K.L.:
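The following block contains the structure, expressed as structure tokens.
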2 protein chains.
Amino acid sequence: MSISEAASKYQLFSEQADLAKTLGNSHRLFLLELITKGEKAVDQLAELSGLSIANTSQHLQHLKRSSFVYSRRDGKNVLYRIGSSPVLSLLAALSACAEHNRAEIRALISDTFDQKDKLEAISREELLARMHDASMVLLDVRTEEEFSQGHLPGAINIPLDELERRLTELPQDQDIVAYCRGTYCALSGKAVALLRTKGWNARHLTGGFID
Amino acid sequence: MSISEAASKYQLFSEQADLAKTLGNSHRLFLLELITKGEKAVDQLAELSGLSIANTSQHLQHLKRSSFVYSRRDGKNVLYRIGSSPVLSLLAALSACAEHNRAEIRALISDTFDQKDKLEAISREELLARMHDASMVLLDVRTEEEFSQGHLPGAINIPLDELERRLTELPQDQDIVAYCRGTYCALSGKAVALLRTKGWNARHLTGGFID
DNA sequence: ATTGCATTCAATAATTCTATTGAATGATGA
DNA sequence: TCATCATTCAATAGAATTATTGAATGCAAT
């Protein structure tokens with residue numbers, strides 16, 4: 001590739017990157033979806049999206065610069081409509097990629113859950129039965145923020161990524177029951193696996209906090 | 001739309017926005033194109049893209065987080081290959097959008113050149129439309145002092161009386177749009193005349209900075 | 001003309017992204 | 001086991017984005 005070829009190629013990628021950057025904000029994607037369903041005024045869009053008027057206006061102008069939308073004035077209002085360029089197919093492709101990734105993650109999770117069935121789970125019933133039983137420690141491996149917004153009574157909180165270096169906070173002579181957000185959260189499974197390698201008798205709670 | 005619907009919708013858009021953000025960088029797009037043509041090692045990609053190794057690695061991991069690429073180790077090297085199917089169609093759609101916009105701009109330029117006189121002016125509307133178009137250079141011919149107190153974004157400053165000996169600073173392959181103070185300032189007109197005798201495709205901005 | 005209203009602009013603080021540096025990791029091959 | 005090398009991590013400074021505020025614009029109805 002010659003220098004000038006490389007340069008023009010780079011310019012091409014810059015333009016594409018600018019377009020992608022415009023889509024790289026969830027508010028703008030939301031506005032774009034709203035506009036897809038029909039021409040709308042700025043204040044309408046602000047209302048529907050929950051953004052301030054000024055902020056909405058700025059996002060709309062960003063979208064306009066990328067030709068994702070066009071605008072026209074109608075009386076007092078400026079109306080935005082979807083752009084003519086292959087915007088819709090780009091949005092569809094983006095959505096398809098996201099969906100593909102979600103599917104990938106779901107598959108990954110169910111995998112880890114298959115393996116993890118070996119790591120004996122504890123049911124909610126058994127948990128309740130042993131709730132006041134001092135032989136068991138309830139461990140919440142979610143973030144401190146989630147924990148502070150609500151947790152099971154008596155639980156202690158050590159986020160998963162801090163677990164390894166805070167092992168000393170856990171009593172060696174009690175069973176550990178770990179839980180996290182819910183069925184599709186793999187945090188507690190990992191915690192249990194880690195604790196078992198370190199010699200604890202650990203299990204996880206089927207379901208999780210949400211359930 | 002219920003609250004939980006809105007919330008899940010928002011999460012969906014966040015995921016899509018993250019994907020788009022990953023594509024919103026020309027280096028990453030370039031790396032992605034290189035990988036599209038075949039599995040490659042990190043140092044190879046760094047070499048081809050002209051980025052440092054560490055920087056390349058980070059961009060690759062960013063791409064990997066979005067599932068645009070996968071990686072595997074082969075001996076001493078980590079090889080990156082393109083991710084699963086929807087990636088290519090997303091890239092194609094992005095490229096199509098960019099091409100569409102280029103065509104739109106080209107149409108705009110040829111229009112104005114067909115209709116208008118050689119020394120025809122460029123309107124503020126057209127200027128705005130082409131503001132981010134790399135095919136155009138905005139030239140401020142006022143004094144350095146005036147320039148430093150405020151100028152149009154992206155403009156370069158060469159005072160009129162220095163123009164002739166600083167011609168080399170102007171790119172030959174781009175349109176020049178000159179501006180000065182306002183409607184009653186003749187500086188930019190003179191600049192345009194000079195540039196045209198030297199072979200540039202130059203126009204002046206109707207009005208000027210004050211307007 | 002003047003007033004009212006929807007929209008845009010401008011300036012800012014806060015957040016996020018990028019490139020660079022040097023150190024840490026981890027698999028390989030002696 | 002040890003040394004080597006490709007890659008990754010971590011920390012940081014600089015650059016870019018975002019949301020907010022309040023002011024400016026520009027149309028339209030009076």
Side-chain angles (χ1 to χ4, degrees), chain A residues 10 13-14 17-31 35 39-66 69-81 161 164-165, chain B residues 10 13-14 17-31 35 39-66 69-81 124-125 127-129 131-132 149-154 207 209-211:
Chain A
Y10 188 82
F13 284 131
S14 289
D18 283 341
L19 292 185
K21 236 176 261 174
T22 301
L23 297 183
N25 176 288
S26 46
H27 296 312
R28 281 196 292 272
L29 285 176
F30 190 41
L31 289 171
I35 293 171
E39 203 179 34
K40 291 187 178 56
V42 178
D43 59 347
Q44 239 183 318
L45 291 167
E47 170 84 16
L48 290 168
S49 65
L51 299 171
S52 75
I53 299 257
N55 198 191
T56 301
S57 174
Q58 290 197 57
H59 281 309
L60 288 171
Q61 281 167 68
H62 201 153
L63 287 168
K64 189 177 170 183
R65 250 177 274 133
S66 299
V69 302
Y70 298 143
S71 68
R72 71 185 177 90
R73 177 174 278 275
D74 174 45
K76 287 188 168 185
N77 297 306
V78 174
L79 301 181
Y80 283 83
R81 65 185 184 283
D161 52 3
E164 191 152 18
R165 63 177 171 78
Chain B
Y10 188 82
F13 284 131
S14 288
D18 283 341
L19 291 185
K21 239 176 258 174
T22 301
L23 296 183
N25 176 287
S26 46
H27 296 312
R28 282 197 290 273
L29 285 176
F30 190 41
L31 290 171
I35 293 171
E39 205 180 32
K40 291 186 179 55
V42 178
D43 59 346
Q44 238 183 319
L45 290 166
E47 170 84 17
L48 290 167
S49 65
L51 300 171
S52 74
I53 298 258
N55 199 191
T56 303
S57 173
Q58 291 198 56
H59 281 310
L60 288 171
Q61 282 166 67
H62 202 153
L63 287 168
K64 189 177 170 183
R65 249 176 275 134
S66 300
V69 302
Y70 297 144
S71 67
R72 70 184 177 92
R73 177 172 278 275
D74 175 44
K76 287 190 169 185
N77 297 307
V78 174
L79 301 182
Y80 283 83
R81 67 184 183 283
R124 212 155 9 266
E125 291 70 33
L127 175 66
L128 288 172
M131 213 63 172
H132 301 281
Q149 282 169 14
H151 54 86
L152 296 182
F209 179 69
I210 297 169
D211 304 302

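All figures in this text were calculated on a predicted structure; none of them were measured in a lab.
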K.L.:
Report yes or no: does A/Arg73 contribute a side-chain atom to a donor-acceptor pair with the main-chain N or O of A/Gly75 at less than 3.5 Å?
P.N.:
yes

K.L.:
Let me have a per-nucleotide readout for nucleotides 25-30 of chain C, 5' to 3', with B, S or -, counting only protein heavy atoms under 4.0 Å.
P.N.:
--SS--

K.L.:
Closer than 4.0 Å, any side-chain N/O of A/Tyr80 to the OP1 or OP2 of C/dT8?
P.N.:
yes

K.L.:
Report yes if a side-chain nitrogen or oxygen of B/Ser57 is closer than 4.0 Å to either non-bridging phosphate oxygen (OP1 or OP2) of D/dT8; otherwise report no.
P.N.:
yes

K.L.:
Toward the 5' end of DNA chain D, which comes first, A/Asn25 or B/Gln61, by nearest nucleotide?
P.N.:
B/Gln61

K.L.:
Does a side-chain N or O of B/Asn77 approach OP1 or OP2 of D/dT7 to a distance below 4.0 Å, or not?
P.N.:
yes

K.L.:
Is any side-chain N or O of A/His59 closer than 4.0 Å to OP1 or OP2 of D/dA19?
P.N.:
yes

K.L.:
What's the closest nucleotide to the A/Val42 side chain, out of C/dT18, D/dT20, C/dT8?
P.N.:
C/dT8

K.L.:
Using a cut-off of 4.0 Å on non-hydrogen atoms, how would the nucleic acid contact of A/Asn55 be classed: base, sugar-phosphate, or nothing?
P.N.:
base

K.L.:
So, A/Gln61 side chain and A/Ser57 main chain: donor-acceptor pair closer than 3.5 Å or not?
P.N.:
yes

K.L.:
At 4.0 Å (heavy atoms only), tell me whether B/Leu51 reaches a base, stays on the sugar-phosphate, or touches nothing.
P.N.:
nothing

K.L.:
Assign A/Ala54 to base, sugar-phosphate, or nothing according to its heavy-atom contacts below 4.0 angstrom with the strands shown.
P.N.:
base

K.L.:
Ignoring the backbone of A/Gln58, work out which of D/dT17, C/dA11, D/dT18 is nearest its side chain.
P.N.:
C/dA11

